[in-house]
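Step one of this worksheet: look at the structure below.
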Amino acid sequence: MLWAAPVAQKPVDAVVQVPGSKSLTARWMLLAAIADEPSRLRGALVSRDTRLMADALERLGATLRFEDAELQVTPLPLPSQRPAEPIEIDTGLAGTVMRFVPLLAALHHGEVRFTGDEAALARPMGPVIQVLRAQGVRVTEHGEEGRLPLTVHGTGQLPGGRVEVDASASSQFVSNALLVAPRCEADLELHHVGPVLPSLPHIDMTLDTLRAVGVTAEHRVGPDGGHSWTVSRGAIRPSRVVVEPDLSNAGPFLAAAVATGGTVAVADWPELTTQPGDAYRDLLSRMGAKVWREGETVCVRGGGAIHGIDADMSAMGELVPTIAALAALADSPTRLRGVGHLRGHETDRLQALSTELTKVGARTIEHEDGLEIHPGSLHGTEFETYEDHRIATAAAIIGLKVPDMKVVNIGTTAKTLPDFVGMWLSMLHAQGPEGEQR
């Protein structure tokens, strides 16, 4: 399926309401599934990733249903004294499902097999397996070592205590252990032993959600710069949670303002947040946009010229595709650093962006830890998305200024933003043949 990305005929002028954060929705769903009593989540994202999370939790025994615009979650039952029938969980391409749920499966008494989309079988899972085995849980790997598919042989308990993990490839390898730690037999003390620690704000997000349900969770940085976390076992208080809007998903719409010299306002932007997407305010300002708040709304106005930047993106790697798209439209080169871990996302994002931006006409140099983007004379092309929602939205941004951009499988945006096309066309007030799939 090819989608003709619509060209902006004039500067955009729109107010956008983005759905709930995928990252926060996944964390709240998992914590609600192991809470002491039922919980209610308002504003929870409904997308492919969160549906896969809901299905995984229900297969393990939780109950999830929507009522009065809230997601009602009834927790998992206590594990049976006898092994239950084997379960199979499809992770799709959702990192939160493939990395978070296996440790939860260890608290289930029985075999839980994890598989996923073809691209998911290439994503690293070694640190998840390492933590499980360090906790005495037997894991069977059915394919390539350190990859899906695999089976967790749960015994209904995790001992806790001291555990070491190399989370250099993804902060999810820390968050997964922290989220289930309150249900361990003893406090969990997790030590990061890898050379780098990407996306620290996502770990802070995990700590904040734990503290919000009454769990004691601490982060320490040692004299040598090493990171460790302690999470106490104990009760998880049920709660009524309002999920923040997904600030990373707001990025393409804000970028549309920068690309077209228009104005976009995103409603309900939290004043304080652990979401990496909050960094758009600084990044877009550095690229030449005017950024300001009006109460609970963040506004971005394009300043005409787009300037290249040199930025360490290690704490906010998921923003790279959007910033890279704007970099292709800029008046000077851009260097994005510290994101070697993006090679283990839905696809190798660095290689994918380098390939597709170069096809469009922006000479892009792929480095081990990032990208160097040199703007050029851009032209339309068939833009591959590699089943990656953020690559797809990056193509749409470029298409605002470059005619004849044909985006392969724009439907992959349903992973985290189910109605991206509708929202994009509404922002542009676009009608007619542009934007149609064919």
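The shown structure was predicted, so the numbers you read here are calculated from the model rather than taken from an experiment.
Residues Arg211 and Asp204 are not paired through a salt bridge, judged by the lack of any N-O separation under 4.0 Å between the basic side chain and the carboxylate. Of the charged side-chain nitrogens involved, at least one lies within less than 4.0 Å of a carboxylate oxygen, so that Asp55 and Arg59 count as a salt-bridged pair. Look at Lys22 and Asp246 and you find no salt bridge, because none of the NZ, NE, NH1 or NH2 atoms lies under 4.0 Å from a carboxylate O. Taking 4.0 Å as the cut-off between side-chain N and carboxylate O, Asp268 and Arg293 do not count as a salt-bridged pair. Salt bridge Arg337/Asp310: present, at least one basic N to carboxylate O contact under 4.0 Å. Under a 4.0 Å N-O distance rule, the pair Glu67/Arg65 qualifies as a salt bridge. Classification of Glu70 and Arg240 as a salt-bridged pair holds, one side-chain N sitting under 4.0 Å from a carboxylate O. With respect to Asp312 and Arg335, no salt bridge is recorded, no charged nitrogen being found less than 4.0 Å from a carboxylate O.
Of the possible polar contacts, none joining the Thr91 side chain to the Val97 backbone as a donor-acceptor pair under 3.5 Å is found. Side-chain atoms of Ser285 never come within 3.5 Å of backbone atoms of Lys290 as a donor-acceptor pair (strictly under, hydrogens ignored).
Atom CZ of residue Phe114 and atom CD1 of residue Ile87 lie 9.0 Å apart, to the nearest 0.5 angstrom. Put simply, CG on Leu428 and OG1 on Thr260 are 8.0 Å apart, with the number rounded to the nearest 0.5 Å. Note that CE of Met423 and CG of Asn249 are 8.0 Å apart. Values are rounded to the nearest 0.5 Å. Rounding to the nearest 0.5 angstrom, the gap separating the CG atom in Asn176 from the CE atom in Met98 is 12.5 Å. Note that CD of Glu118 is 13.0 Å distant from CG of Leu148, once rounded to the nearest 0.5 Å.
Of the residues Arg343, Arg390, His341, the one that meets the side chain to side chain contact (heavy atoms under 4.5 Å, CB included) test with Arg349 is Arg390. Among His219, Arg220, His192, the one residue that satisfies the side-chain hydrogen bond (donor to acceptor under 3.5 Å, both in side chains) test with His227 is His219. Remark: of the listed residues Thr206, Thr209, Asp208, Thr206 is the sole one forming a side-chain hydrogen bond (donor to acceptor under 3.5 Å, both in side chains) with Arg27.
Checked by atom type, the side-chain pair Ser175/His202 shows no donor-acceptor distance below 3.5 Å. When only modelled atom types and interatomic distance are considered, Thr416 and His389 share a side-chain donor-acceptor pair under 3.5 Å. A donor and an acceptor atom, one from each side chain of Asn409 and Trp3, are nowhere located under 3.5 Å apart. Using modelled atom types, one finds no donor on one side chain facing an acceptor on the other under 3.5 Å when comparing Ser248 with Tyr280. For the residue pair Tyr386 and Gln351, no side-chain donor N or O sits within less than 3.5 Å of a side-chain acceptor on the partner. Between the side chains of Glu58 and Thr63, no donor-acceptor pair is found at a separation under 3.5 Å. Looking only at atom types and distance, the side chain of Asp166 has a donor-acceptor partner in the side chain of Ser168 under 3.5 Å away. Counting only N and O atoms by type, the side chains of Asp331 and His307 include a donor and acceptor under 3.5 Å apart.
Leu64 and Ala54 get closest at one heavy-atom pair: CD1-O, 3.9 Å. Across every non-hydrogen atom of Leu319 and Ala279, the tightest pair is CD1-CB, 4.0 Å. When all heavy atoms are compared, the tightest approach of Leu378 to Gly361 is CD2-C, 3.6 Å. Nearest heavy-atom pair across Ala259 and Lys401 is O-CD, 3.3 Å. Here the closest non-hydrogen pair linking Ala256 and Trp424 is CB-CH2, 4.0 Å. The two residues Ile397 and Pro252 have their closest heavy-atom pair at CD1-CA, 3.8 Å.
Residues Pro38 and Gln72 are not in side-chain contact: their nearest non-hydrogen atoms beyond the backbone lie 4.5 Å or more apart. With contacts defined as side-chain heavy-atom distances shorter than 4.5 Å, the pair Leu178/Leu207 qualifies. Taking the side chain as every heavy atom from C-beta outward, Val320 and Leu353 approach each other to under 4.5 Å. Counting only heavy atoms from C-beta outward, the side chains of Leu400 and Pro6 never approach each other to under 4.5 Å. The side-chain heavy atoms of Lys406 and Phe383, taken from C-beta on, include no pair separated by under 4.5 Å.
Few gaps surround CD on Glu88; more than 12 heavy atoms of other groups in view lie less than 6.0 Å from it.
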- Under the side chain to side chain donor-acceptor pair (under 3.5 Å) criterion, do His367 and Glu372 qualify, and how do the steps go? CA-CA 7 Å; His367 295 278; Glu372 184 179 333; 2.9 Å; yes
- Message: side chain to side chain donor-acceptor pair (under 3.5 Å) for His142 and Thr151? Distances and angles first, verdict last.
- Response: CA-CA 8 Å; His142 302 289; Thr151 295; 2.6 Å; yes
- side chain to side chain donor-acceptor pair (under 3.5 Å) between Thr347 and Glu387, worked out: CA-CA 8 Å; Thr347 185; Glu387 301 297 328; over 6 Å; no
